[in-house]
Q: 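Mind having a look at this structure? Questions to follow.
Every value quoted in this text rests on a predicted model; they were computed, and no experiment measured them. Quick note: numbers below take in every heavy atom, side chains included, and nothing from hydrogens, waters or symmetry partners.
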Amino acid sequence: MEMVPSEENQLVPKEGMFWSCRQSIFDEMKKRFSQIENAAEEPRVLCIVQDTTNAKTVNERLTLNLPASTTLSKLFEDVAHKASYVNGTFDLAWGKTGDMGSLDPSSEMSLTESGFEPGKRNFLQLTDKDGEQPQIASDESGTAGSSGLDDSSQERFIGPLPRDGTVGCSSDCSSPSYSYSSILNKSDTGYVGLVNQAMTCYLNSLLQTLFMTPEFRNALYNWEFEESEEDPVTSIPYQLQRLFLLLQTSKKRAIETTDVTRSFGWDSSEAWQQHDVQELCRVMFDALEQKWKQTEQQQFSPLTADLINQLYQGKLKDYVRCLECGYESWRIDTYLDIPLVIRPFGASQAYSSVEEALQAFVQPETLDGVNQYFCERCKKKCDARKGLRFLHFPYLLTLQLKRFDFDYTTMHRIKLNDRMSFPEELDMGPFIDVEDEKSPQTESCTDSGAENEGSCHSDQMSNDFSADDGVDEGICLDSASSTERVLKPKSSLTFELFSVMVHSGSAAGGHYYACIKSFSDGQWYSFNDQHVSKITQEDIRKTYGGSSGSRGYYSSAFASSTNAYMLIYRLKDPSRNAKYLDCDDFPEHIKHLVQREKESEEQEKRQREIERNTCKIKLFCMHPVKTMALMENKLEVHKDKTLREATEMAYKLMELDGVVPLDCCRLVKYDEFHEYLERSYEGEDDTPMGLLLGGVKSSYMFDLLLETRRPEQVFQPYKPGEVMVKVHVVDLKTDTIAPPVSIRAYLNQSITEFKQLIAQATELSAETMRVVLERCYNDLRLVYVPNKTLKAEGFFRSNKVFVESSESPDHQVTFTDSLLWKLLDRHGNTIRLFVSLPVQSPGTNRTICPKVCGDTEECSEGSKGNRNSVEAILEESTEKLKNLSLQQQQGSSTSDSQKSSDTSDFEHIESPSPSQEPDSSVSAAVAVDNRELENRIRAAGGGTYSDPETQFPGEERSDSEVNNDRSTSSVDSDILSSSHSSDTLCNADSGPIQLANGLDSHSITSSRRSKANEGKKETWDTAEEDSGTDSEYDENGKSKAESYYLYFRAEPYAQEDGSGEGGQKCVLVHVDKRITLSAFKQNLEPFVGVTSTQFKVFRVYANNQEFESVRLNETLSSFSDDNKITIRLGRALKKGEYRVKVYQLLVNDAEPCKFLVDTVFAKGMTVKQSKEELMPQLKDQCKLDLNIDKFRLRKKTWKNPGTVFLDYHVYEEDINISSNWEVFLEVLDGPEKMKSMSQLAVLTRRWTPAQMKLEPFQEVVLESSSVEELKEKLSEISGIPLENLDFAKGRGTFPCDISVLEIHQDLDWNPKVSTLNVWPLYICDDGAVVFYRDSTEEPMEQSEDERNELMKKESSRLLKTGHRVSYSPRKEKALKIYLDGGPVKDPGQD
């Protein structure tokens, strides 16, 4: 800006310059406002980012609402700014699925071009870059670890953060000291975490402790694995060696431990087992010792073969000293850890510190009174002092704080959360006692007396050392023999703490993590599975336990349950204290192993990078040879691969090599759901797939189709915006519908233009063409307005139309009354069923055609010479029916006369509309005089036909009888659902026409109701529904199948799987699913060979379960294409009849419920009449010859016996009955005691505690619901005095089994009620179970062995009866490490 001097000789802006500056500012503001205005009009993209790199933020979301034109690079900048990360140190990937594809941080593509959808939620995941966590963005004052770190970045730290929501105390931000608050990333700590497989936190804590022990790590590195001697997969030392190397050299944040656990012989189920870390330490050390003893590589390190003992093993003396003569008996024990009691048994106060607990550990106890010790020298029982003395301490001292105990009051395991402090440096000198080690009164003894053992914790110690070892004091410092050991004075026994294994939780379960000090820098770290962070001494003190003091990062709910469980100290001895081996100092075999691991990790990284840049999308193809169905596969192609390369990959994937030339294939965009070809990619053969597909995504909203063509064909271009139409040509002369021809059109085309398009593809005349659009289920629409567009007519992306072009007068008829509509209606409602006929069926011996014929007459003509007499009768009857139908149809309407001879395949039901009244007089196509048919069959079959009212001699057992199991329901409509049916009316001989697009299979058409049924509610006869079945005849005796015809066509069928061999024959039936079950059965009569009343229809489901269809008035609308039906001979139910399953009740058997027979009860029948009809059946089928007065029927509810049915009771009046009913039959020992409904029959069972035995059931019949009467009856049958009689109601389902070990205390004995029908008894019906006992009888005394034996017997008994064994505690799986690679499964184990 130009300046000029003012009057005061000051420089001021030149005149006019101010206004120009002001104008420029206004212009800039206007430009900004314009940008804001444009941004407001631009679509916005909502991005929701989940930060998966951080344990604290994994449940948080970052939300960005960006303009759609924002570039990917700008998106990364915005995310970095909002997440406080350094841009370039993290990756963004698509979320919501397992296959995540990474976004390119340097791309200048807009969000919409990259696949983001405006107006919708786009989920992203923020992940590590190259296995390293993102860097925290630094502010003006320094790095993230400085005092200038703001709160937002501090919240990004991982690990056990303060649970009260605070980041830490104020000193955290003002001093360079660290706390739990300042958790650092892996790149700052330099340590790698371990992935928790499921519940392996205890393993991770121990492994990190061993890794941070220099002597153990270095010794493990010095051991060399010989692959020729052992399998590396099962070698525990080798897998530990690999794990330690990865912990030291890997760049990952956390690594897996699966290879280590696999070497233990564990499978994946072990990862879900919680174990004790101290138990694991002992088991793993033992396994390592066993493995090292099997090797001969002791030349690498003298410590390797006996490493565990040299580092962790100490010795102590277990002694007993006579207080009268001074004689001492002792033995030497070894230990790997020292168990310290938190709270003495019976005490209310816990030890306050480890030193106090150690003092209590070596404090001797006095044996006096009844506990006096027998002195070998005094030859009598004397007062003595028993205790433990430490002889020497290991180099690595392990202290176990015994926080888990057993509460004898509650009889449960508990955890002691009392406070116990432990020092950073522990002086063990005061605990070495050399006062009388070489006293002349001390004598060597290998056994201190069995009665005095136990206080030495012999479960963790052994007595396999000689008495010569007992004179050593101090600590063993070298690997030499015991005679050359160096004795250290007490003052040098100073140990420094370096590992604290913390348990958080209760005795039932919890979580382990380790606090470990690094010997390289003296810094404490928290190793919490995959998270490693720096901590301070103050954080260590917070693991003392208890609730005193500041809880720090612990919340109040968990403060007392998170405390130290194992402490590991190392002796302070500069001559022995080792340092961690650097990579340069590794042995040669370790360097080679490091190189192999690095190469493996690099390969894994490259593979992961390839995965992130791979597009994975569904691929479809219509294979021209293998199958005519649409084949599906998954195409995985790198985003930089071209369309030409992707086509070649898809070509090989679909195995088209040698079938179709590669140049006859192309990839097109495809919508499988709508069967819609969206677009083709002409001229884009060299375009990368990432660009064509919109980037690498976890899932795509479209698919790819590998389209094929014949060499002489040319691919049709598919342009965006086109719609696909499947055109079916209808021929009214032959009543056929051709397979579809696919054409493409535009929504803005007129109907006239659309007809011209169809005419070109089908060679039909456009002038006489009728086009019917099937828009959705039950919707056929004639499109005829010439200038109306396809969009206005309701066309969508994928459409289906039927076209007909002829000079037929059918054009002049209203569409809904035309032959075209009837044919399409029939086509949409016809389903195909596979019907299996019984072996006895006369109509099944006809020759089976090798393929499905288009006309049954053609199939039957070639086999007339092979028919027997019964088949000839059936064929004659069928021909008679056809001729009769044709004669009657001559008098029908003109439109009906134009139908083909296929009308003989129709059956007739009542016409719902006046326009179809002429059809109502037509008799049913299969309504043959049943008597005539029966007589003809009886004459031909030798009189084997039985009377319809009686049971059919060859009746097969029902599905429930065959399976000996109860079915859930016989009413198909309760469990079935309608589904789409396939096009079954196309000419079977004409195969599908092969088109270039590869989608020319038979169409899938939706089922629809006939217009004839519009406005007429599909009725359910209430009375018939109540009766459990429907009658085939109405009240006037007229067949309900006589009226309006519905399509039915049946033809023999040979099953492809060969299951039809052995006499079982099948019929393939094409039928209108609006036909009733009654009419369907009548149509099947010629094929079954008996009348419809003499066979039953069973529907077969996917699991081969069969359910009988009994509602004769219901239609087949619940059936769908290719459903299977089984026909079984047997009398079908009539109106008012019910099929009943009869089970025998055996109250004192191990299996009290036994299936007997299927029978039929009728409405109005008395119980006595049903028993009379049941008796012959029981005698024939079950060999039960019963007197009518010697058994009863009673209600069955699941497995429970209920109401006793009296002989004079009437079904449907006194007893409610339903379809698929079940009853119990109970054989009586004497005459029936139940005479009226006011009585109550109770099943009683005596419990005898003195014998630990349950007596058999006895029935007691009560005249009222009085408790007093019940007790009197029980006293009468048992002889127990009334005042000593206790009773209780049984629990659960009959027979209310309960363990004899539980019954005495678990049942609610002697409830304080006066009547049985109130709480807590609620005994209101027959069949209740009541236990009773003599209150003066004491339970039998048992030894532990007897009780265990009885427990096993009860467990076996209750498991056989299917009852839960509640007294058996949950067994924890033992922790084992298998040296042979895995457990040997017991072949007898379940």
Side-chain angles (χ1 to χ4, degrees), residues 725-738 740 751-752 754-755 758-759 762 764-786 788 793-794 799-830 889-909 911-920 922 983-987 1003 1005-1016 1043-1047 1049 1070 1072-1074:
V725 184
K726 289 184 176 181
V727 180
H728 293 263
V729 177
V730 180
D731 190 342
L732 293 180
K733 295 180 180 179
T734 60
D735 278 358
T736 57
I737 300 176
I751 297 299
T752 302
F754 181 58
K755 287 184 177 181
I758 295 176
T762 60
L764 298 176
S765 171
E767 286 75 15
T768 59
M769 183 181 296
R770 286 185 292 176
V771 178
V772 179
L773 171 66
E774 184 183 73
R775 294 198 302 181
C776 58
Y777 171 76
N778 197 23
D779 187 0
L780 292 173
R781 180 172 182 177
L782 182 68
V783 291
Y784 56 90
V785 181
K788 205 169 183 179
E793 288 286 3
N799 308 274
K800 180 179 180 180
V801 299
F802 299 91
V803 297
E804 188 273 335
S805 180
S806 66
E807 301 291 340
S808 170
D810 195 53
H811 284 249
Q812 311 300 323
V813 183
T814 307
F815 174 60
T816 54
D817 296 328
S818 64
L819 291 177
L820 176 61
W821 185 88
K822 292 179 180 178
L823 179 59
L824 296 180
D825 178 69
R826 187 188 78 182
H827 167 77
N829 285 285
T830 300
Q889 287 176 17
Q890 291 177 359
S892 59
S893 62
T894 306
S895 59
D896 290 338
S897 65
Q898 297 176 359
K899 284 187 174 290
S900 65
S901 60
D902 282 344
T903 53
S904 62
D905 293 333
F906 288 78
E907 57 98 359
H908 304 265
I909 64 172
S911 175
S913 62
S915 62
Q916 294 171 337
E917 271 189 34
D919 296 335
S920 63
V922 183
D983 188 351
T984 60
L985 299 183
C986 299
N987 192 345
S1003 65
T1005 62
S1006 299
S1007 305
R1008 65 181 74 82
R1009 296 183 185 275
S1010 168
K1011 188 179 186 303
N1013 289 330
E1014 285 183 7
K1016 178 182 178 182
S1043 289
Y1044 176 65
Y1045 53 83
L1046 289 176
Y1047 187 77
R1049 190 184 73 195
H1070 299 271
D1072 193 314
K1073 63 181 180 180
R1074 294 166 296 188

Q: Are any of the side-chain heavy atoms of I751 and Y784 separated by less than 4.5 Å?
A: no

Q: Could you pull out the closest heavy-atom pair between K788 and E793, with the gap in Å?
A: CD-OE2, 3.2 Å

Q: Please report the C-alpha distance between L780 and T816 in whole Å, then the side-chain angles of each, then the deciding distance to 0.1 Å, and finally whether the side chain to side chain contact (heavy atoms under 4.5 Å, CB included) criterion is met.
A: CA-CA 9 Å; L780 292 173; T816 54; over 6 Å; no

Q: Check whether any side-chain heavy atom of R770 lies under 4.5 Å from a side-chain heavy atom of D810, and answer yes or no.
A: yes

Q: Would a 4.5 Å heavy-atom cut-off, applied to side chains only, mark V783 and F754 as touching?
A: no

Q: Taking all non-hydrogen atoms of both residues, which atom of H728 and which atom of A738 are closest, and how far apart?
A: ND1-O, 3.0 Å

Q: Work out which heavy atom in W821 is nearest to a heavy atom in F815; give both atom names and the distance.
A: CB-O, 2.9 Å

Q: Once you round to the nearest 0.5 Å, how far does NZ of K800 lie from NZ of K726?
A: 8.0 Å

Q: Students often mix this up, so state it plainly: with edges at 30° and 60°, are the rings of F802 and H827 parallel, tilted or perpendicular?
A: perpendicular

Q: Any donor and acceptor pair, going by atom type alone, linking the side chain of T814 with main-chain N or O of D817 inside 3.5 Å?
A: no

Q: For the atom pair NZ (K1073) and CG (L1046), what is the distance rounded to the nearest 0.5 Å?
A: 13.0 Å

Q: Apply side chain to side chain contact (heavy atoms under 4.5 Å, CB included) to S765 and list each qualifying residue two or more places apart in sequence or on a separate chain.
A: E767, T768, S805

Q: Ignoring hydrogens and geometry, is there a side-chain-to-backbone donor-acceptor pair from S818 to V813 under 3.5 Å?
A: no

Q: Which distance, rounded to the nearest 0.5 Å, do you find between the NE2 of H1070 and the CZ of R826?
A: 11.0 Å

Q: Quick one: NE2 on H811 to CG on L732, what's the gap to the nearest 0.5 Å?
A: 7.5 Å

Q: Quick one: closest heavy-atom pair of G794 and N799, and the distance?
A: O-OD1, 4.4 Å

Q: Enter the distance from L823:CG to D731:CG here, rounded to the nearest 0.5 Å.
A: 9.5 Å

Q: Does a side-chain heavy-atom distance below 4.5 Å link K733 with S806?
A: no

Q: Could you state the interatomic distance from CG (L819) to OG (S808), rounded to the nearest 0.5 Å?
A: 6.5 Å

Q: Any side-chain heavy atom of V771 within less than 4.5 Å of one from V727?
A: no

